[in-house]
Visitor: 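Structure in structure tokens, see below.
In what follows, chains carry the letters A, B, and so on, assigned in the order in which the sequence lines appear, proteins first and then strands, with residues in each chain numbered from 1.
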Number of protein chains: 2
Amino acid sequence: MAIAKTRDTCAGCPIRHRAVCAYCDADELAMLERIKSYATIAPGSPIFFAREPMRHVATVVTGAAVLSRTLEDGRRQISGLMLPSDFIGRPWRDTISYDVTALSEVVLCRFDRKAFETILRDTPHVAERLLSMTLDDLDAARDWSVVLGRMAARERVSAFLLTLARRLGTPDPKVPERVTFDLPLTREAIADALGLTLETASRQMSALRRDGVIETEGRTRVVVPDLLRLQEEAQDDDDGGELG
Amino acid sequence: MAIAKTRDTCAGCPIRHRAVCAYCDADELAMLERIKSYATIAPGSPIFFAREPMRHVATVVTGAAVLSRTLEDGRRQISGLMLPSDFIGRPWRDTISYDVTALSEVVLCRFDRKAFETILRDTPHVAERLLSMTLDDLDAARDWSVVLGRMAARERVSAFLLTLARRLGTPDPKVPERVTFDLPLTREAIADALGLTLETASRQMSALRRDGVIETEGRTRVVVPDLLRLQEEAQDDDDGGELG
DNA sequence: CGTGCTATTGAAAGCTTTCAAGAATGGTGG
DNA sequence: CCACCATTCTTGAAAGCTTTCAATAGCACG
């Protein structure tokens with residue numbers, strides 16, 4: 001795990017307004033700045049291990065990581081995708097119950113856990129923001145249970161692609177309904193996120209491609225020609241406005 | 001929705017030490033006491049509806065409720081079971097994305113949402129406790145994704161019964177491994193929580209009974225003769241200590 | 001002690017998984 | 001720069017588990 005202390009300032013941080021520090025004023029930011037350090041994690045490398053002492057909490061600055069749990073017989077479930085601005089870790093507890101693994105190269109803005117706990121007590125804006133983010137994550141996790149519990153394979157893949165399209169997608173400047181993004185996961189990881197086998201995940205991607213719901217370039221590039229069509233496939237009757 | 005204002009004091013509250021008010025000192029408790037009101041909900045009645053304005057947040061004092069989402073075609077997923085001391089609601093947001101329904105008669109300790117938001121800002125102990133509870137709920141929701149995504153029907157039912165046994169079970173005074181509890185859900189609701197059909201849920205209950213993992217009395221009473229056996233069925237390699 | 005809702009059980013159908021083989025990708029070294 | 005190699009992905013066919021459809025049994029309330 002390469003660690004690079006930098007002099008990067010919070011002011012220039014690309015996720016300054018979305019991360020756990022979003023509500024901070026200048027003084028609070030200065031406090032965080034004193035205890036933060038950056039770490040760069042190589043693709044495929046572990047960030048935290050389940051049940052092992054956890055000295056830091058962190059915000060994802062760039063890259064992507066997954067939270068996963070593996071049963072004794074090897075069955076694996078990915079229970080969260082961590083993207084820039086997401087918060088990793090469990091204040092006031094020594095361990096977490098899942099592994100955190102980098103998918104791509106990940107840059108973390110880390111805080112010593114104990115120091116962060118002090119910050120939480122002293123700077124209400126950090127605590128309030130973390131509570132708000134955690135409530136959102138909880139809602140998202142509960143929403144996802146519908147996908148895992150009730151949706152067919154095609155719907156699951158569609159729902160997953162829709163989530164990625166919303167968070168990672170770049171709209172076509174001329175056709176805003178047309179969105180492009182790069183999959184940060186392999187087919188196997190997609191399957192592990194969706195509770196499917198990699199063959200089923202692959203088959204459904206192929207089916208969506210055949211039916212014109214998506215287009216693909218290489219292994220990772222995905223183009224969604226019509227986001228509304230994908231929403232229908234994903235049984236997403238959300239009328240657009242995802243609140244933050 | 002019958003509403004009964006009472007003079008019940010927080011001091012005598014059965015969940016005083018586990019709910020969102022757990023960390024409060026006397027002054028803080030007095031503040032909460034001023035804005036709280038009790039409500040009694042009949043079995044089967046809605047507590048909150050998804051997407052409808054939510055004027056209150058609340059703690060479950062007695063009884064059981066579920067969080068659920070229903071797709072347009074009627075498929076339903078229960079994403080949370082709310083038992084005494086659990087917190088319901090979403091501060092700083094007008095709506096929630098799931099329905100909350102009482103399973104049994106539920107007594108709520110309610111707070112006006114706006115007033116509660118003020119409390120959150122003014123009493124750090126409430127905010128800290130709510131953050132801690134929400135982080136726990138998030139971990140639980142992520143743990144549950146393994147059940148929904150990767151477990152077979154028999155394992156799902158076992159995992160669910162194990163969860164209930166841990167939260168609701170009364171150990172046999174002579175044989176602590178023997179635990180008894182009452183199911184607060186119908187077979188259909190169990191199925192909706194597990195992403196199964198009610199027939200499959202029922203069949204797996206029967207199979208577990210045949211195999212001696214559980215005993216049943218009437219529709220609701222469940223006896224687990226050996227909690228360790230149930231843990232094995234549920235693929236739960238947890239060595240006991242659920243932290244709170 | 002009926003009556004209606006809930007639960008159980010059976011049999012066939014369907015969707016996903018499993019097992020297996022072949023194709024495409026992208027990185028490496030000659 | 002191109003060929004080769006390992007990995008990842010795709011596709012096929014059979015097996016398996018859950019669902020669906022259907023009927024019976026059992027509990028609980030009036």
Visitor: Could you tell me the separation between the CZ atom of A/R221 and the C1' atom of C/dA24, rounded to a whole number of Å?
Guide: 18 Å
Visitor: What about A/R203: does its side chain form a donor-acceptor pair under 3.5 Å with the base of C/dT18?
Guide: yes
Visitor: Any idea which of C/dT16, D/dT18, C/dA7 is nearest the B/Q204 side chain?
Guide: D/dT18
Visitor: When the distance from CD of B/E199 to P of C/dA13 is rounded to whole Å, what number comes out?
Guide: 17 Å
Visitor: Taking C-beta and beyond as the side chain, do A/V222 and A/T180 meet within less than 4.5 Å on heavy atoms?
Guide: no
Visitor: Looking across every strand, which nucleic acid part, if any, lies under 4.0 Å from B/R154 by heavy atom: base, sugar-phosphate, or nothing?
Guide: nothing
Visitor: Please state whether the base of D/dT8 and the side chain of A/R219 form at least one donor-acceptor pair under 3.5 Å?
Guide: yes
Visitor: For A/R150 and A/A201, take the nucleotide of DNA chain D holding the closest heavy atom to each; which residue's nucleotide lies nearer the 5' end?
Guide: A/A201
Visitor: Whole angstroms only, please: what is the CD1-P distance between A/I214 and D/dC9?
Guide: 13 Å
Visitor: Scan B/L196 against the nucleic acid and name what it touches under 4.0 Å (heavy atoms): base, sugar-phosphate only, or nothing.
Guide: sugar-phosphate
Visitor: Going by an N to O cut-off under 4.0 Å, is there a salt bridge joining A/E155 and B/R75?
Guide: yes
Visitor: Without decimals, in angstroms, what is the distance between A/D192 CG and C/dT16 C1'?
Guide: 15 Å
Visitor: For the residue pair A/P14 and A/V61, establish whether any side-chain heavy-atom pair is separated by less than 4.5 Å.
Guide: yes
Visitor: Rounded off to whole Å, could you give me the CG-to-P distance for the B/L198 and C/dC5 pair?
Guide: 15 Å
Visitor: Would you state whether a donor and an acceptor, one from the side chain of B/E188 and one from the base of C/dC5, lie under 3.5 Å apart?
Guide: no
Visitor: Quickly work out the B/L183 CG to C/dT8 P distance and round it to whole Å.
Guide: 10 Å
Visitor: Which residue lies toward the 5' end of DNA chain C, A/A152 or B/T186, if each is placed at its nearest nucleotide?
Guide: B/T186
Visitor: Select base, sugar-phosphate, or nothing to describe what A/R209 touches, counting heavy atoms under 4.0 Å on all strands.
Guide: sugar-phosphate
Visitor: Nearest to the side chain of B/S202, which nucleotide is it out of D/dC21, D/dC9, C/dA7?
Guide: C/dA7
Visitor: For a 4.5 angstrom cut-off between non-hydrogen side-chain atoms, does A/S145 reach B/W144?
Guide: no
Visitor: Tell me: CD of B/E217 to C1' of D/dC27, nearest whole Å?
Guide: 14 Å
Visitor: Expressed as a whole number of angstroms, how long is the span from A/L185:CG to D/dC9:P?
Guide: 10 Å
Visitor: From the set C/dT18, C/dT8, D/dT19, return the single nucleotide nearest to any side-chain atom of B/T200.
Guide: D/dT19
Visitor: Is B/D99 reaching over with its side chain to a backbone N or O of B/A50, donor-acceptor style, under 3.5 angstrom?
Guide: yes
